[in-house]
Participant: 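One structure is given below, represented as structure tokens, and several questions about it will come after.
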Amino acid sequence: MIADVVVDLQYGDCGKGKIAHALCEMNEYTHVIRYNGGCNAGHTIYHEGEKFITHHIPCGVFYGIKSIIGPGCVIHPDTFLQEIEALEEKGIPARDLVFIATNAHIITDFHRIEDKKDEEIGTTKRGNGPAYRDKYGRKGIRAVHDPRLQPFLIDLYRELHENDSHKNISILFEGAQGFGLDVDWGDYPFVTSSHCTVGSAILNGVPAKSIRDVWGVAKIYETYVGAKDFEGPDEVFEEIRELGQEFGSTTGRPRQINWLDFDMLKMAARINGTNKVVFNKMDILEAVDSWCLYEGPNLYEFKSRNDIEIWLSSKLELEVDKEIEVFFSDNKEHI
Ligand code: IMP
Ligand code: MG
């Protein structure tokens, strides 16, 4: 069994959907598995020129690959069924390809009502936190007990470990949210309620030794949505927000913007053991011709795209892993 993992090194919305989609095209996966989060996520994917936003459903559906919502996830059944319907209407055979692990948990309407009252964290109000609280408090409801989800259930242990027809299992793990929102490593309490690191993928039922590539996804600048103050003082951020369409794909909220924080990026890359790192949205900084990042309290300003690329690549090689492969992407559809 081999598994590649896509993790976000910042605060979500770095373009994991795009990377996962591109990896499905490059590799022959037997399964794509979402390993954390719920419909708080919003993955924007351009498939054959058309724009899709998925919340629960992994991107394997676009390539005819079995797509599983793993036991680390929480699911709101109505939202899930609507998503299946919307994909089917656009000609994606989601009904045949999407499965839910029997031991994933349900987001109830009560969880949603409770989450709507949140003012402190600035959640997506999708019921995520209350659903995980009830899961860990041993009061939750597993997918196997929801009548609406019966047609989609899968026993993940049998599927991955006892299925003779899939001797060579090859999995792409698609993560949600990001390192800065991780319940343990993020800026608590301004975090989500799940784990957003590579460890979270392993919790979904595969041996640690099956992990091959860990793709860390970042943006060349940072964004965050939620209640804390995050945006830096630079006037160019307004322009970046418009050009980069930095508005939440789940809630439509404007994302706060700041320059890349290299210390956090390095920490996320180290803890996840990323051997590939992608910086997305180079085209946006290209358009405003501004290249800055923070290292500790110092703000560095670079003369050109080339200068910042060399700085980032060499720092990651020196301080994270000398074998690391670094990519800079300026395209919505490809790495
Ligand atoms: P929750 O996950 O809805 O409980 O929200 C907790 C925090 O995580 C809030 O700051 C949300 O805006 C943020 N968050 C949750 N999901 C995402 C995401 O997919 N992208 C970016 N931020 C997210
Ligand atoms: Mg998103």
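Start at 1 and go down the list; that is how both ligands and their atoms are numbered. Atom set for the values below is all heavy atoms of this structure, side chains included, hydrogens, waters and symmetry mates excluded. Along the sequence shown, residues are numbered consecutively beginning with 1. Since the structure is predicted, the reported quantities are computational estimates derived from the model, not experimental observations.
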Participant: Is there a side-chain hydrogen bond (donor to acceptor under 3.5 Å, both in side chains) between Glu174 and Tyr35 once you walk through the steps?
Facilitator: CA-CA 7 Å; Glu174 184 183 344; Tyr35 57 85; over 6 Å; no
Participant: For atom 9 (C) of ligand 1, which of Gly226, Gly122, Gly12 has the closest heavy atom?
Facilitator: Gly122
Participant: How long is the gap from CG on Leu312 to CG on Leu293, to the nearest 0.5 Å?
Facilitator: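 Answer rounded to 0.5 Å: 5.5 Å.
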Participant: Are Asp330 and Arg305 close enough for a salt bridge, meaning some N to O gap below 4.0 Å?
Facilitator: yes
Participant: Is the closest N or O pair between Asn40 and ligand 1 shorter than 3.5 Å?
Facilitator: yes
Participant: Does ligand 1 come near enough to Thr124 that some N or O of the ligand is less than 3.5 Å from an N or O of the residue?
Facilitator: yes
Participant: Would you call Glu231 and Arg241 a salt bridge, using N to O less than 4.0 angstrom?
Facilitator: yes
Participant: Backbone, side chain, both or neither: what part of Val225 comes under 4.0 angstrom of ligand 1, heavy atoms only?
Facilitator: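 Near ligand 1, Val225 shows its backbone as well as its side chain.
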Participant: For ligand 1, which atoms, with element, lie under 4.0 Å from some heavy atom of Thr192?
Facilitator: 1 (P), 2 (O), 6 (C)
Participant: Among the N, O or S atoms that Asp13 has, which is closest to the Mg ion (ligand 2)?
Facilitator: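 For Asp13, the N/O/S atom sitting closest to the Mg ion (ligand 2) is OD1.
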Participant: Using side-chain hydrogen bond (donor to acceptor under 3.5 Å, both in side chains), reason through Ser194 and Asn36 one step at a time and then give a plain yes or no.
Facilitator: CA-CA 6 Å; Ser194 67; Asn36 73 302; 3.1 Å; yes
Participant: Provide the number and element of each atom of ligand 1 under 4.0 Å from a heavy atom of Asn128.
Facilitator: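 Here the atoms of ligand 1 in question are 2 (O).
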Participant: Identify the protein heavy atom lying closest to atom 14 (N) of ligand 1, giving its residue, its atom name and the separation to 0.1 Å.
Facilitator: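 Minimum-distance protein heavy atom for atom 14 (N) of ligand 1 reads Leu181 CD1, 3.7 Å.
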Participant: May I ask you to check whether Ala176 brings an N, O or S atom to under 2.8 Å from the Mg ion (ligand 2)?
Facilitator: no
Participant: Taking atom NZ of Lys209 as the centre, does the number of heavy atoms from other residues, nucleotides or ligands within less than 6.0 Å exceed 12?
Facilitator: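 At most 12 heavy atoms, drawn from other residues, nucleotides or ligands, come within 6.0 Å of this atom.
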Participant: Hey, what do you get for NE2 (His56) to CZ (Arg126), rounding to the nearest 0.5 Å?
Facilitator: 10.0 Å
Participant: Tell me whether Ala41 reaches ligand 1 (any heavy atom closer than 4.0 angstrom to a ligand atom).
Facilitator: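 Ala41: in contact with ligand 1 (<4.0 Å).
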Participant: Closest non-hydrogen protein atom to atom 5 (O) of ligand 1, residue and atom name please, with distance?
Facilitator: Thr123 CA, 3.3 Å
Participant: For ligand 1, is there an N or O atom under 3.5 Å from any N or O atom of Arg253?
Facilitator: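 Checking ligand 1 against Arg253, an N or O pair does fall under 3.5 Å apart.
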Participant: Do Asp8 and Lys16 sit within salt-bridge range, that is, some charged N less than 4.0 Å from a carboxylate O?
Facilitator: yes
Participant: Would you check whether Gln177 reaches within less than 4.0 Å of ligand 1, judged by its heavy atoms?
Facilitator: yes
Participant: Heavy atoms only: give me the nearest Asn258-Phe230 pair and the separation to one decimal.
Facilitator: ND2-O, 3.3 Å
Participant: Would you say CD of Glu119 has more than 12 non-hydrogen atoms from neighbouring residues, nucleotides or ligands within 6.0 angstrom?
Facilitator: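 Result for CD/Glu119: open.
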Participant: Atom SG in Cys292, atom CH2 in Trp259: separation rounded to 0.5 Å?
Facilitator: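 Answer rounded to 0.5 Å: 4.5 Å.
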Participant: Do Val191 and ligand 1 have an N or O pair less than 3.5 Å apart?
Facilitator: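 Among all N and O atoms of Val191, none is under 3.5 Å from an N or O of ligand 1.
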Participant: Can you sort out which atoms of ligand 1 are near Tyr11, meaning under 4.0 Å from one of its heavy atoms?
Facilitator: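 Answer, ordered by atom number: 21 (C), 22 (N).
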Participant: If I apply the N/O under 3.5 Å rule, does Asp115 come out as touching ligand 1?
Facilitator: no
Participant: Any N/O of Asp13 closer than 3.5 Å to an N/O of ligand 1?
Facilitator: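 Yes - when backbone and side-chain N and O of Asp13 are compared with those of ligand 1, one distance drops under 3.5 Å.
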